Amino acid sequence: MSDGVYNFAYLDEQTKRMIRRAILKGVAIPGYQVPFASREMPMPYGWGTGGVQVTAACLVPEDVLKVIDQGADDTTNAVSIRKFFQRTANVAVTEATVEASVIQTRHRIPETPLVEGQILVYQVPIPEPLRFLEPRETETRKMHELEEYGLMHVKLYEDIARHGQIATAYDYPVKVEGRYVMDPSPIPKFDNPKLSGSAALQLFGAGREQRIYAVPPHTQVVSLDFDDHPFVASKADHDCDLCGAAVSYLDEVIIDDAGGRMFVCSDTDFCGGRRTAGHVGRLGGVAE
Amino acid sequence: MALEIPVRVAAEDAPLLVVRGLTKAYGPRIGCADVSFDLYPGEVLGVVGESGSGKSTLLSCLAGHLAPDAGEVIFETREGPRNTLTMSEPARRRLARTDWAYVHQTPRDGLRMGVSAGGNVGERLMAVGARHYGDIRDKAIDWLGRVEIAADRIDDRPAAFSGGMQQRLQIARNLVTGPRLVFMDEPTGGLDVSVQARLLDLLRGLVREMGLSAIIVTHDLAVVRLLADRLMVMKSGRVVEHGLTDQVLDDPQHGYTQLLVSSVLQV
């Protein structure tokens, strides 16, 4: 399928070297945002240019690639990035989490626990967790340097003052190994606990912002909270209507204009696997 | 019993802040030159002078916002006297959010306009490690009360406050961690006279009640007359007269001070 026009995985070797160097530095300093010379990619910013560059730098011909967008393998973003690497790197692709060696993701962590040797690549729109509280980049870098993270709690304070609880539902700030406060990319806070102690290597790429950061395997990641308002990994209070799973993150789907709705697993591979194994949810039989 | 008294390294009568030969030049122009003074605990020092006389430069150097070219600033920290100009930046910034406070002339500079009043007051508490929402909120409500802001305004943003309220909020935000030294840059500038009077009343009460030391930069002699124990008059970056407030204002010695005092309109 590779037409020989592109270098392996699109980027030239020197660029991949540069990105790998940034990744190594990120792994050495968990949670620290490493600047890198982000390249112009053949897709618009916001479509995962950072994640694509990190994936390109990690890929080897033997890799099996999985790409998900909001948990699904069949959405536009996932399909186009998967095709991109099929064409430029000619790597094997899969939709099964357990078969993949590299998983590029937008806004979800797969429900199936990751194992050693897997790499999870996140697409990050805004890597700076302090951005909306302190607009000056010089100042936020200084705050990271001096570990001045009081401001992060001001954001959570505002949430409770306004909504009565911590209403931040995604992009929920975390502290990595007791040092750097990190933006986990816009994953739902339901996924935050999976960041901690994961056996897989987790890499974060922000293309427009030109930052790479990492959470190495078995790294402690703690979600910030207050003593009297502890962190809660929330999800919709339902079971999946297709596979009946009670523990997976759900999408709400409006199915008619009379208030009808269904809840389905956002992780399509997880949901499909359960249905194949014979689990059936409330509406699972109807679709047959 | 001596055991119950918190350990203080310095004697009661040791100065809180010792400034020697502080000099800052902007290229060939002098910002402030060879400024020296001592500030004792509980004392309020007024710095007056016309625009461009180096008052704000001096304050910025003292508060660590500007790096002076020469001189030393020794602050009596909880671990003993330290030169704040040579201490590490983390240590200085820690000082700036615990033992020091800085009240800006314009409340917009000192407040987070996108954050509610409670969040503004709580920020310093959270910066020093407070992690209990209920406690932070109680303390914020307490402090809003002390600066005469109604408790039901706690979730309003500063943009919804009047200028005088914003300035009072800024003061609450600064004093909530119980600082020992407050830098004030024209705290009453831009406020109308009746609001000024209330703010001054409030400040005087807080300074006395908390035993604060303060350095107040202003060009308003009425402010220093009310608040300051001692007065320093600056002109062209230099201190031209220094003494007890009443003494300096009632019996000015230097020509410039005489001019300054006689320039005040008598109503």
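Remember, it's a predicted structure, so these values are computed and weren't measured experimentally. Residue numbering restarts at 1 for every chain, and letters A, B, ... go by the order of the sequence lines.
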- Pick from Asp225(A), Val154(A), Leu224(A) with the largest number of heavy-atom pairs that fall under 4.5 Å of chain B: Val154(A)
- Message: Looking only at the side chains, is there a donor atom on one of Thr177(B) and Arg124(B) sitting less than 3.5 Å from an acceptor on the other?
- Response: yes
- Let me know if Ile154(B) has heavy atoms under 4.5 Å from chain A in its side chain, its backbone, both or neither. side chain
- Query: Any luck finding a side-chain donor-acceptor pair between Tyr157(A) and Arg137(B) under 3.5 Å?
  - Reply: yes
- Query: Should we count NZ of Lys139(B) as having more than 12 external heavy atoms under 6.0 Å?
  - Reply: no
- Message: Can you tell me which portion of His153(A) sits under 4.5 Å from chain B's heavy atoms? Options are side chain, backbone, both or neither.
- Response: both
- chain A heavy atoms under 4.5 Å from Arg131(B): which part of the residue, side chain, backbone, both or neither? both
- Could you pull out the closest heavy-atom pair between Gln202(A) and Leu195(A), with the gap in Å? NE2-O, 3.0 Å
- Whatever's closer than 4.5 Å to a heavy atom in chain B on Leu146(A) counts as side chain
- Polar side-chain atom of Thr219(A) near backbone of Pro216(A) as donor-acceptor pair, under 3.5 Å: yes
- Largest heavy-atom contact set with chain A, pairs under 4.5 Å, which of Pro90(B), Gly114(B), Ala127(B), Ser116(B): Ser116(B)
